[in-house]
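Below is one structure, written out as structure tokens; the observations come after it.
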Amino acid sequence: VDLDKLPIKRLEAIEETGNEHYPPDTSNEEQRLAAIRRIDFSWVIWPWQGLMESLQQAHQELSVVIDLIGTVEANDAVAVASTTKPKSQPNEILVDMAVSAATKLQRLRHLSWYFKQSAKTMEQQFQKETRFYGSLIRLQQNWKVKRQRGSEGFMFDLVDSSQLDTTRLSPLSLIPIDQDSSGTLSVQIPQKSLRSLSLKFHGEAEKDVLADNKSIRYAHSILRDIHKSIFEEQVFDMVIRETFNQSQGINVTGMCEDFLQLAIGQECSLCLSLELSGQPNPKSLEIYLLHMFHEILRKLREKDCGLLSHFCMTVAHRIFSNKVHLELESVVSRVPYLHLRSLPTWHSRTSSWSLCLKVPQPILATGRSQFSTKVILKDGQISLMGEGSPSIVGSLTGKPSDSRLINSYNCDLEDLPMMLLQQVASQVIHWLHDEAMILGMNVTRDFLCLYFDLGQGETLGLLAHVDPDDTYGCISWYLTVEHPEEGKMSAGRRFLGYLSLEVLYSTLMDLIKLCS
């Protein structure tokens with residue numbers, strides 16, 4: 001709407017003499033009507049034009065009907081005859097019923113399709129939720145799961161409850177959990193979570209070890225690696241704090257964010273840093289030591305270097321522990337009835353293994369199904385603890401010893417295979433002795449032999465021979481016979497072979513029959 005804000009004096013005529021004539025002033029009503037006339041109502045009327053035309057046509061038709069009714073009422077000669085709906089034919093009825101049935105069938109099909117689509121959608125949603133929450137429950141067995149505040153999401157809580165200083169919590173302690181369109185659980189990897197603790201010497205390269213896991217194992221591996229990364233940050237922080245304490249022989253030569261350089265004496269220098277990995281998966285703690293590190297260990301043992309000394313001693317223990325483990329595996333690989341198992345110690349400088357001897361169950365069970373030997377490595381010292389072996393005093397006096405007696409002794413790495421084999425062979429002899437005693441036989445035993453009394457001074461023996469360098473088997477068996485001859489004891493020996501426990505038990509039964 002365009003309205004004049006102020007009245008404009010327009011000229012109507014000018015005379016030759018120069019006199020001007022103005023139009024007379026209009027009233028407010030005339031001004032309002034003039035303004036309304038300038039308004040364009042076509043854009044308002046046009047959408048209703050079709051409706052107006054339809055109403056006009058309906059009005060005309062209604063007028064015709066009213067005129068017709070008035071004519072009929074005024075003229076008696078005109079009458080309206082009543083009409084009835086004709087009776088439907090049978091085929092028409094069938095057609096109507098068919099059309100009605102087809103319509104209902106179409107509606108039912110549409111409803112069935114709707115239900116199927118709804119069921120499919122619900123099944124997909126159920127599978128999605130099952131996949132996600134099933135994965136979450138499996139991971140919850142090893143990790144602490146918390147619900148995010150103000151949302152439907154979850155997160156893994158990797159906070160170390162044993163850490164007393166809660167003000168130094170790592171930003172990696174809370175790991176959000178994602179769910180894709182298929183319901184697969186995934187872990188959001190925070191920034192700086194791809195860091196690992198690296199110890200290196202100048203002039204040496206690093207090595208990388210990557211793990212490729214999928215599904216639950218992949219998520220579990222990432223959480224485990226992030227948890228290790230948190231631990232590595234704590235170790236690095238402890239080393240930083242330790243450097244502020246004066247340590248003899250160790251000086252700080254460089255320090256910045258996530259980097260520490262130390263000088264050990266006048267010859268060696270090492271760097272400790274938290275480094276970012278170029279790969280998408282976080283790496284576990286991989287410390288690569290060089291041949292020159294053994295010289296550093298020798299120097300550190302002569303000095304008190306606090307946490308760093310403990311760290312070096314831990315690495316030295318790890319190197320020696322691998323050697324012990326290789327010796328144990330070498331022995332077990334050549335004795336088929338031995339089983340090796342690593343035991344947790346929860347100490348960085350203590351390792352433990354268990355060698356289990358499982359004996360077959362005979363008809364008359366003695367209640368003993370296995371013997372165990374424990375190997376412990378602590379601060380470079382190897383100790384063995386075995387059950388089922390006769391004591392030294394019992395071997396000398398000939399008196400039976402307690403089957404539950406635990407023998408404990410120390411040895412070095414070179415003697416470890418021989419000591420283990422003697423322990424295991426003695427346990428086998430102990431088992432055969434118990435079986436023979438249950439059957440009522442008069443038998444005796446020493447450390448590696450089982451003796452049967454044949455009467456008249458004759459003795460039949462089942463002897464175990466151990467050899468850690470034997471490539472065919474570390475434990476072999478011999479049959480010995482001792483009998484008096486001209487006032488002296490004469491002995492004979494026959495090789496039986498590398499027998500399994502089942503064959504040894506059958507041999508025992510044959511010897512019992514022979515002695516009977």
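In this chain, numbering begins with 1 at the start of the sequence shown. A quick note: this is a predicted structure, and the numbers were derived from the prediction, not measured.
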Return the minimal non-hydrogen interatomic distance between [X] and [Y], and the atom names on each side.
| X | Y | value |
| --- | --- | --- |
| Cys356 | Gln370 | SG-OE1, 3.1 Å |
| Val332 | Leu338 | CG1-O, 3.4 Å |
| Pro360 | Glu502 | CB-OE2, 4.1 Å |
| Pro417 | Glu327 | CG-OE1, 3.4 Å |
| Leu462 | Ile429 | O-CD1, 3.8 Å |
| Leu432 | Leu504 | CD2-O, 4.3 Å |

Between [atom1] of [X] and [atom2] of [Y], what distance do you get to the nearest 0.5 Å?
| X | Y | atom1 | atom2 | answer |
| --- | --- | --- | --- | --- |
| Thr184 | Asp178 | OG1 | CG | 11.5 Å |
| His433 | Leu450 | NE2 | CG | 6.5 Å |
| Leu420 | Asp415 | CG | CG | 11.0 Å |
| Leu340 | Ser330 | CG | OG | 11.5 Å |
| Leu108 | Phe115 | CG | CZ | 10.0 Å |
| Leu421 | His465 | CG | NE2 | 10.5 Å |

**Prompt:** Between Arg334 and Pro468, is there a donor-acceptor pair closer than 3.5 Å when you use the side chain of the first and the backbone of the second?
**Reply:** yes
**Request:** Look only at the side chain of Ser426 and the backbone of Gln422, and say whether a donor-acceptor pair between them is shorter than 3.5 Å.
**Result:** no
**Message:** Holding to side chain to side chain contact (heavy atoms under 4.5 Å, CB included), I want the full list of residues that pass it with Ser342, two or more places apart in sequence or in another chain.
**Reply:** His325, Trp353
**side chain to side chain contact (heavy atoms under 4.5 Å, CB included) partners for Lys374, two or more places apart** = Leu343, Ser352, Ile376, Met385
Min side-chain heavy-atom separation [X]-[Y] under 4.5 Å:
| X | Y | result |
| --- | --- | --- |
| Asn322 | Leu326 | no |
| Val428 | Trp477 | yes |
| Leu139 | Phe154 | no |
| Met97 | Ile93 | yes |
| Met441 | Leu511 | no |
| Leu508 | Trp431 | no |
| Leu416 | Leu384 | yes |
| Val424 | Val466 | no |

**Message:** Is it true that Thr345 and Thr350 share a donor-acceptor pair across their side chains at a distance under 3.5 Å?
**Reply:** no
**Asked** Is it true that the side chains of His317 and Ser348 contain a donor and an acceptor less than 3.5 Å apart?
**Response** no
**Asked** So which pairs with a foot in residues 103-114 pass side chain to side chain donor-acceptor pair (under 3.5 Å), sequence neighbours left out?
**Response** none
**Prompt:** Checking side chain to side chain contact (heavy atoms under 4.5 Å, CB included) for the pair Met509/Leu439: CA distance, chi angles, key distance, verdict?
**Reply:** CA-CA 10 Å; Met509 295 296 103; Leu439 296 175; 3.4 Å; yes
**Item:** Ile382 vs Asp412, side chain to side chain contact (heavy atoms under 4.5 Å, CB included): CA-CA, chis, key distance, verdict
**Value:** CA-CA 6 Å; Ile382 303 175; Asp412 54 19; 5.9 Å; no
**Message:** Once salt bridge (charged side-chain N to carboxylate O under 4.0 Å, His left out) is applied, do any residues pair with Asp510, and if so which ones, sequence neighbours excluded?
**Reply:** none
**Request:** Please say whether more than 12 non-hydrogen atoms of neighbouring residues, nucleotides or ligands are located less than 6.0 Å from CD in Gln381.
**Result:** yes
**Asked** Counting only heavy atoms not in Met437, do more than 12 fall under 6.0 Å of its CE?
**Response** no
**Prompt:** Mind checking what makes side-chain hydrogen bond (donor to acceptor under 3.5 Å, both in side chains) contact with Tyr498, not counting sequence neighbours?
**Reply:** Asp470
For residues 123-133, which side-chain N or O atoms pair as donor and acceptor with protein atoms under 3.5 Å away, sequence neighbours left out?
unit_1: Glu123; atom_1: OE2; unit_2: Gln127; atom_2: NE2; d: 3.4
unit_1: Gln125; atom_1: NE2; unit_2: Glu129; atom_2: OE2; d: 2.9
unit_1: Thr130; atom_1: OG1; unit_2: Phe126; atom_2: O; d: 2.7
unit_1: Arg131; atom_1: NH1; unit_2: Ser182; atom_2: O; d: 2.1

**Request:** I would like to know whether Phe371 and Thr373 meet side chain to side chain contact (heavy atoms under 4.5 Å, CB included); could you show each step before the answer?
**Result:** CA-CA 7 Å; Phe371 295 85; Thr373 302; over 6 Å; no
